[in-house]
Amino acid sequence: MAADSAASFGLLHRVCKLVVLLCLLHISVTVVFYVRSLDIRFAFVQNQQSHNITQPNQVLTNDFPSRTDPKGAESYKGAPTEVQQRDQEDEPKPPEQKTEEPVKKLEKCPETSPLLVGPLRVDFNTPVDLEQIKKENPAVRHGGRFRPRDCKAQQKVAIIIPFRKRDEHLRYWLYYLHPILQRQQLDYGVYVINQDGDEIFNRAKLLNVGYVEALKEYDYECFVFSDVDLIPMDDRNTYKCFSQPRHLSVSMDKFGFRLPYNQYFGGVSSMSKDQYLKINGFPNNYWGWGGEDDDIYNRLASKGMSISRPSGEQGKCRMIRHQRDKKNEPNPQRFDRIAHTRQTMAKDGINSLSYEVVKIEKFDLFTKITVDVGKP
Ligand SMILES: *[C@@H]1O[C@H](CO)[C@@H](O)[C@H](O)[C@H]1NC(C)=O
Ligand SMILES: [Mn+2]
């Protein structure tokens with residue numbers, strides 16, 4: 001009997017010890033997780049990006065084509081002519097230095113341009129040619145520069161387009177965007193940053209180059225980074241900067257007019273000089289397709305910035321369908337890279353950018369800067 005109870009007491013003792021130990025373990029694990037909760041949340045965000053689960057939604061809403069406002073389509077042709085005629089009168093072909101001078105004696109343009117028309121018809125069925133676009137946009141000056149005649153623009157905007165062998169897309173971009181940007185009353189310039197050679201493509205590095213090269217030419221305060229194949233379907237989606245970095249291509253037809261995921265920052269975005277410098281610009285070492293936009297998002301988030309976006313309605317846009325480019329294969333290192341943005345961003349960015357300008361060409365509707373960005 002005595003031996004029995006001694007044995008069960010011993011067992012109880014051991015069970016109690018085990019329970020206490022488990023409690024301690026539980027508490028320490030809880031504490032560790034609590035302390036690292038920020039990191040975990042961050043990793044979760046990256047996880048969402050790396051999965052990239054959402055596939056392009058092929059379903060187009062039925063009401064999409066009829067959404068086009070006929071009035072909008074009409075004034076689309078009509079609105080700019082007023083601007084054009086005035087410009088033709090006194091400035092046949094101004095030397096481009098003129099743009100560098102500060103605009104004097106002009107009132108600031110209103111916060112919201114009165115020239116906007118709203119939804120636009122966008123399609124890629126009829127080819128467009130540069131001569132035609134030039135004729136339709138006589139107020140656009142050499143090198144793809146424009147500023148409103150009757151008021152001082154709210155912002156000086158450089159539009160940076162990473163590019164290689166997409167001339168047809170560029171023509172559509174110029175055809176649709178020049179009238180829109182003029183109606184938005186921006187003081188803007190269009191910079192096509194053309195990657196020289198046939199090495200693997202580096203979108204983010206080209207964007208960095210565009211930032212530096214545009215600033216050499218004019219005192220830009222805002223930078224819009226746009227893929228060449230994305231066209232906004234509403235001119236109320238103003239290509240300017242906001243108090244937070246802006247994501248403009250928020251509802252692409254390619255993704256069923258939805259954001260593919262909350263942290264998505266690809267396609268078309270804008271940043272002020274300050275915002276851009278705060279994150280040390282963009283990464284230079286994403287060669288090939290994908291991830292560089294997620295890296296940029298991580299940079300912004302790690303500096304405590306948030307993303308500003310237009311409404312889904314105003315943020316609609318269309319992507320010109322195309323095959324995947326040669327020499328722009330998905331980058332197998334991208335998942336690993338975006339997992340370490342916070343560790344790498346201070347060393348990799350505008351402060352480590354190196355490239356060589358091969359050629360600068362001023363066309364009527366844009367400035368083309370061909371650069372050697374090297375290879376991995
Ligand atoms: C995920 O997909 C988006 C949309 O196509 C793309 O922009 C982004 O770079 C992709 N990210 C990764 C890590 O592949
Ligand atoms: Mn594309």
Side-chain angles (χ1 to χ4, degrees), residues 42-58 122-124 159-174 176-177 192-195 200-207 224-233 245-270 282-302 307 309 315-342 344-345 348:
F42 198 76
F44 178 62
V45 163
Q46 291 180 336
N47 211 21
Q48 280 181 291
Q49 292 170 344
S50 22
H51 276 119
N52 249 356
I53 301 165
T54 319
Q55 284 304 304
N57 189 339
Q58 302 295 334
V122 174
D123 67 62
F124 311 112
I159 298 171
I160 315 289
I161 303 175
F163 182 89
R164 187 162 68 187
K165 293 178 189 151
R166 295 274 202 97
D167 293 283
E168 193 201 346
H169 294 183
L170 180 59
R171 281 195 297 274
Y172 279 122
W173 191 96
L174 298 164
Y176 281 115
L177 266 297
V192 173
I193 314 299
N194 179 37
Q195 180 170 335
I200 188 151
F201 198 64
N202 190 330
R203 177 177 182 268
K205 190 168 182 179
L206 292 169
L207 296 178
V224 171
F225 304 98
S226 175
D227 286 353
V228 69
D229 55 6
L230 279 171
I231 311 295
M233 297 169 68
R246 180 98 159 168
H247 183 229
L248 295 118
S249 53
V250 302
S251 54
M252 290 164 56
D253 57 349
K254 180 187 175 188
F255 299 123
F257 295 107
R258 277 196 302 267
L259 257 193
Y261 51 94
N262 267 327
Q263 298 79 15
Y264 180 55
F265 199 62
V268 188
S269 60
S270 79
F282 302 151
N284 295 303
N285 57 2
Y286 281 77
W287 300 92
W289 184 88
E292 85 295 339
D293 47 356
D294 301 320
D295 188 287
I296 296 167
Y297 176 85
N298 289 344
R299 285 169 183 243
L300 298 170
S302 81
I307 305 300
R309 289 193 170 104
K316 277 180 144 192
C317 54
R318 303 199 80 177
M319 200 191 90
I320 307 170
R321 299 208 167 256
H322 59 90
Q323 310 276 305
R324 173 147 287 162
D325 297 294
K326 290 191 185 90
K327 288 293 184 177
N328 192 20
E329 281 70 35
N331 172 9
Q333 298 172 334
R334 67 193 190 280
F335 301 107
D336 190 56
R337 287 259 150 84
I338 62 172
H340 299 103
T341 305
R342 283 192 301 176
T344 53
M345 63 181 283
D348 174 30

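Everything numeric here is computed off the predicted structure, so don't read it as measured data. One-based numbering, in listed order, for ligands and for the atoms of each.
When only interatomic distances are considered, the shortest N/O to N/O separation between D293 and ligand 1 falls below 3.5 Å. Ligand 1 has no nitrogen or oxygen under 3.5 angstrom from a nitrogen or oxygen of F335. Here's the thing with Y264: none of its N/O atoms is less than 3.5 angstrom from an N/O atom of ligand 1. In terms of N/O distances under 3.5 Å, ligand 1 is not approached by K254.
Evaluated for a salt bridge (charged side-chain N to carboxylate O under 4.0 Å, His left out) with D253, the options R321, R318, R258 yield exactly one hit, R318. With respect to Y286, the side chain to side chain donor-acceptor pair (under 3.5 Å) criterion is satisfied by exactly one of D295, N331, N202: D295.
Heavy-atom proximity to F255, at under 4.0 Å, picks out these atoms of ligand 1: 4 (C), 5 (O). The distance from ligand 1 to the heavy atoms of G290 drops below 4.0 Å at these ligand atoms: 9 (O). Atoms of ligand 1 found under 4.0 Å from any heavy atom of D294 (numbered from 1 in listed order, with element): 8 (C), 9 (O), 10 (C), 11 (N), 12 (C), 13 (C).
Using a 4.0 Å cutoff on heavy atoms, G266 does not count as a contact of ligand 1.
Salt bridge R171/D167: absent, no basic N to carboxylate O contact under 4.0 Å. Taking the charged nitrogens against the carboxylate oxygens, R203 and D293 have no contact shorter than 4.0 Å, which rules out a salt bridge. A salt bridge does not link R164 to D325: none of the charged nitrogens lies less than 4.0 Å from a carboxylate oxygen.
Taking every heavy atom of both residues into account, Y264 and S249 meet most closely at CE2-O, 4.3 Å.
Counting only heavy atoms from C-beta outward, the side chains of P232 and L177 approach each other to under 4.5 Å. Side-chain contact between L259 and H247 is present, with at least one heavy-atom pair separated by less than 4.5 Å.
The angle H322:NE2 - the Mn ion (ligand 2) - D229:OD2 amounts to 80°, with values rounded to 10 degrees.
For F265, no heavy-atom contact with ligand 1 is shorter than 4.0 Å. Residue Y297 does not touch ligand 1, judged by heavy-atom distances below 4.0 Å.
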